[in-house]
Amino acid sequence: MTQVTTDSIEASVPAYRWWLALRDLAVSAIVVVAIALIVSLLLLPLQKAQAQNKGELRIGYQKSASLFVLQKAQGTLEKRLSPLGFGVKWVEFPAGPQLLEGLNVGAVDVGYVGEAPPIFAQAAGAKFLYIGFDPAAPQAEALLVPKDSPVKSVAELKGKKIALNKGSNVHYLLVKLLEKNGLKFTDVQAVYLPPADARAAFESRNVDAWVIWDPFQAAAEKATGARVLADGTGLVNNYQYYLGERGFVGKNPKVIQALFDDSVEQGIWLKKNLQQAAAIIAPLQGLPVDVVELALRRYQFNVKPITPEVAADQQKIADTFHELKLIPTAIKVRDAVVLDAR
């Protein structure tokens, strides 16, 4: 039998301690590697998202902007911008002037409004650019009278009360309609009311006529049987404009082009599928489907870069508003326009 001596035990202790230390070191290394692997796996989706979304397109819109409402609901723009590393943030505004203010202070990068708000904003010193426009939609704004009104022509409105939203597209339409019929703006009693209040005044017969745009126009026609005395055909274009914050537009031309491409594509789909589009948009606008469908029929959706002719048409409106003293100073629309270079 082998005898274990004190010397042999003392000789083996350092080796045993060394083996234990080596084992502990190996276990620690394995734990560290495992933790690092777990953390990297947990962070991978975040890192991937950060890599894919390096920027954000903030879009200012109004609930009445049907195409934007559709694009937001369908998520098509988000898909189109993803390869460019951009996400989308939709910011709703109650009306055009508030949207222009948001654009001016940097709260949004792009907006969509009618003809009047950018004129007032430019006169107030706002910094923005006209970057695109949708085709003319003169039938999407009109002068309405109650269905049983004795008034049969615009000329018969001399001395009558006409409700309108001050400084809006329809303000210009009314001026042109009166001019065509041999009347001046001072020949009628302008009653300045926002759409909801104007609708109430119109239905209660506190005004004789109402000049308004879609979808409010379509809603009045469907709900009250309001009669179109005259629309903008042959007098005004009623363009809708895409506006952009100067710095963002200059730095992100591919993002702007992607927005235009998606708007054109979805606009084509909308016009080919009016009933389906109206069914999607109507609950988001809080309107009946048939009202939305009627309004969609009168708008055109095919955004294009601004042309000199379109800028000149907008200048006519600005000059008219200055003559009516609606804006304090004359403006040059071209100073805020990105013209089509093609």
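Treat the numbers as computed from the prediction; the structure is a model and nothing was measured.
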>> Whether the Ser64 and Gln285 side chains hold a donor-acceptor pair (N or O, under 3.5 Å, no angle test) is what I'd like checked.
In response: no
> Among Tyr61, Phe133, Tyr130, Tyr112, which residue meets the ring pair (Phe, Tyr, Trp, His ring centres under 6.0 Å) test with Tyr242?
Replying inline: Tyr112
> What heavy-atom pair brings Leu294 and Ala218 nearest, and what distance separates the two atoms?
Replying inline: CD2-CB, 3.8 Å
>> Test of understanding: clusters of I, L, V, M, F, W, Y form through side-chain heavy atoms closer than 4.5 Å, transitively. Do Val69 and Val289 belong to the same one?
In response: no
> Please walk me through it: do Asp290 and Lys222 pass side-chain contact (heavy atoms from CB on, under 4.5 Å)?
Replying inline: CA-CA 8 Å; Asp290 62 337; Lys222 290 288 188 180; 3.8 Å; yes
>> Determine whether a donor-acceptor pair (N or O, by modelled atom type, separation under 3.5 Å) exists between the side chain of Asp187 and the backbone of Lys184.
In response: yes
>> Under a 3.5 Å distance rule, please check whether Ser204 uses its side chain to pair with a backbone N or O of Ala200 as donor and acceptor.
In response: yes
> Is any side-chain heavy atom of Val110 less than 4.5 Å from a side-chain heavy atom of Ile256?
Replying inline: yes
>> Please check if the number of heavy atoms outside Gln275 that lie under 6.0 Å from its CD is greater than 12.
In response: no
> Between Lys161 and Asp208, is there a side-chain N and carboxylate O pair less than 4.0 Å apart?
Replying inline: no
> Between atom CG of Leu174 and atom CG of Leu183, what is the distance when rounded to the nearest 0.5 Å?
Replying inline: 9.5 Å
>> Could you report the tightest heavy-atom contact between Ser263 and Val303, atom names first, then the distance?
In response: CB-CG1, 4.0 Å
> Less than 4.5 Å apart, any side-chain heavy atom of Phe93 and any of Val108?
Replying inline: yes
> Of the non-hydrogen atoms in Ala311 and Val337, which two are nearest, and what is the gap between them?
Replying inline: CB-CG2, 4.3 Å
> Looking only at atom types and distance, does a side-chain atom of Ser82 sit under 3.5 Å from a main-chain N or O of Glu78, one as donor and one as acceptor?
Replying inline: no
>> Less than 6.0 angstrom separating the ring centers of Trp90 and Phe68, yes or no?
In response: yes
>> In this structure, would Val154 and Phe202 fall into the same cluster of hydrophobic residues linked by side-chain contacts under 4.5 Å?
In response: yes
Do any side-chain atoms of residues 115-126 form donor-acceptor pairs under 3.5 angstrom with protein atoms, and if so which ones, sequence neighbours left out?
from, atom 1, to, atom 2, distance (Å)
Glu115, OE2, Asn238, N, 3.1
Glu115, OE2, Tyr239, N, 2.9
Gln122, NE2, Lys332, O, 2.7

>> If you compare all heavy atoms of Phe321 against all heavy atoms of Ser168, which two are closest, and at what distance to 0.1 Å?
In response: CZ-O, 3.7 Å
> Heavy-atom distance under 4.5 Å between the side chains of Leu143 and Leu157, does that happen here?
Replying inline: yes
>> Run the side-chain contact (heavy atoms from CB on, under 4.5 Å) test on Phe248 and Leu57 for me, step by step, so that the C-alpha distance in whole Å, both residues' side-chain angles and the decisive distance to 0.1 Å come before the verdict.
In response: CA-CA 9 Å; Phe248 186 91; Leu57 173 61; 3.6 Å; yes
> Is Glu156 salt-bridged to Lys152, going by a charged N under 4.0 Å from an acidic O?
Replying inline: no
>> side-chain contact (heavy atoms from CB on, under 4.5 Å) for Asp214 and Glu141? Distances and angles first, verdict last.
In response: CA-CA 6 Å; Asp214 275 322; Glu141 56 180 2; over 6 Å; no
> Does NZ belonging to Lys160 count more than 12 external heavy atoms closer than 6.0 Å?
Replying inline: no
> Yes or no on salt bridge (Lys or Arg N to Asp or Glu O under 4.0 Å) for Asp148 and Arg205, after CA distance, side-chain angles and deciding distance?
Replying inline: CA-CA 11 Å; Asp148 57 354; Arg205 305 301 178 92; 2.6 Å; yes
>> According to a hydrophobic-cluster definition based on side-chain heavy atoms being under 4.5 Å apart (Ile, Leu, Val, Met, Phe, Trp, Tyr only), do Leu173 and Val207 belong together?
In response: yes
> Can you name the salt bridge (Lys or Arg N to Asp or Glu O under 4.0 Å) partners of Glu101, sequence neighbours left out?
Replying inline: none
> Any side-chain heavy atom of Val249 within less than 4.5 Å of one from Asp109?
Replying inline: no
>> Quick check for you: to the nearest 0.5 Å, what is the distance between Leu296 atom CG and Leu274 atom CG?
In response: 6.0 Å
> Passes salt bridge (Lys or Arg N to Asp or Glu O under 4.0 Å), Glu245 versus Arg58? Steps please.
Replying inline: CA-CA 10 Å; Glu245 191 276 322; Arg58 300 168 301 168; over 6 Å; no
>> Within this structure, what is the OH-CG distance for the pair Tyr241 and Leu129, rounded to the nearest 0.5 Å?
In response: 14.0 Å
>> Measuring only between side-chain heavy atoms, which start at C-beta, is Asn302 closer than 4.5 Å to Lys304?
In response: yes
>> Hydrophobic cluster membership, with links at side-chain heavy-atom distances under 4.5 Å among I/L/V/M/F/W/Y: are Val188 and Leu235 in one?
In response: yes
>> Please determine whether residues Leu103 and Val105 belong to a single hydrophobic cluster, defined as Ile, Leu, Val, Met, Phe, Trp and Tyr linked transitively by side-chain heavy-atom distances below 4.5 Å.
In response: no
> Can you list the residues that meet the side-chain hydrogen bond (donor to acceptor under 3.5 Å, both in side chains) rule with Thr76, with sequence neighbours excluded?
Replying inline: Asp262
>> Set out, in order, the CA-CA distance, both residues' side-chain angles and the distance that settles side-chain contact (heavy atoms from CB on, under 4.5 Å) for Leu144 and Ile212, then state yes or no.
In response: CA-CA 8 Å; Leu144 305 179; Ile212 189 60; 3.7 Å; yes
> How far does NE2 of His171 sit from CG of Asn165, to the nearest 0.5 angstrom?
Replying inline: 10.0 Å
>> Could you measure the distance from the OG atom of Ser66 to the CD atom of Gln240? Nearest 0.5 Å is fine.
In response: 10.0 Å
> What distance separates Ile280 CD1 from Asn273 CG, expressed to the nearest 0.5 Å?
Replying inline: 9.0 Å
>> If you compare all heavy atoms of Ala163 against all heavy atoms of Ala198, which two are closest, and at what distance to 0.1 Å?
In response: CB-CB, 4.0 Å
> Under 4.5 Å between any side-chain heavy atoms of Pro94 and Gln62, yes or no?
Replying inline: no
> Any side-chain heavy atom of Tyr172 within less than 4.5 Å of one from Lys176?
Replying inline: yes
> Is there a side-chain contact between Pro146 and Arg227, using heavy atoms and a 4.5 Å cut-off?
Replying inline: no
> Is the backbone of Ile331 close enough, under 3.5 Å, to the side chain of Asp335 for a donor and an acceptor to pair up by distance?
Replying inline: no
> Where does the angle between the aromatic ring planes of Phe301 and Tyr299 fall among parallel (under 30°), tilted (30 to 60°) and perpendicular (over 60°)?
Replying inline: tilted
> How close do Leu177 and Ala230 get, heavy atom to heavy atom, and via which atoms?
Replying inline: CD2-CB, 3.7 Å
> Taking 4.0 angstrom as the limit, do Glu221 and Arg298 come out as a salt bridge?
Replying inline: yes
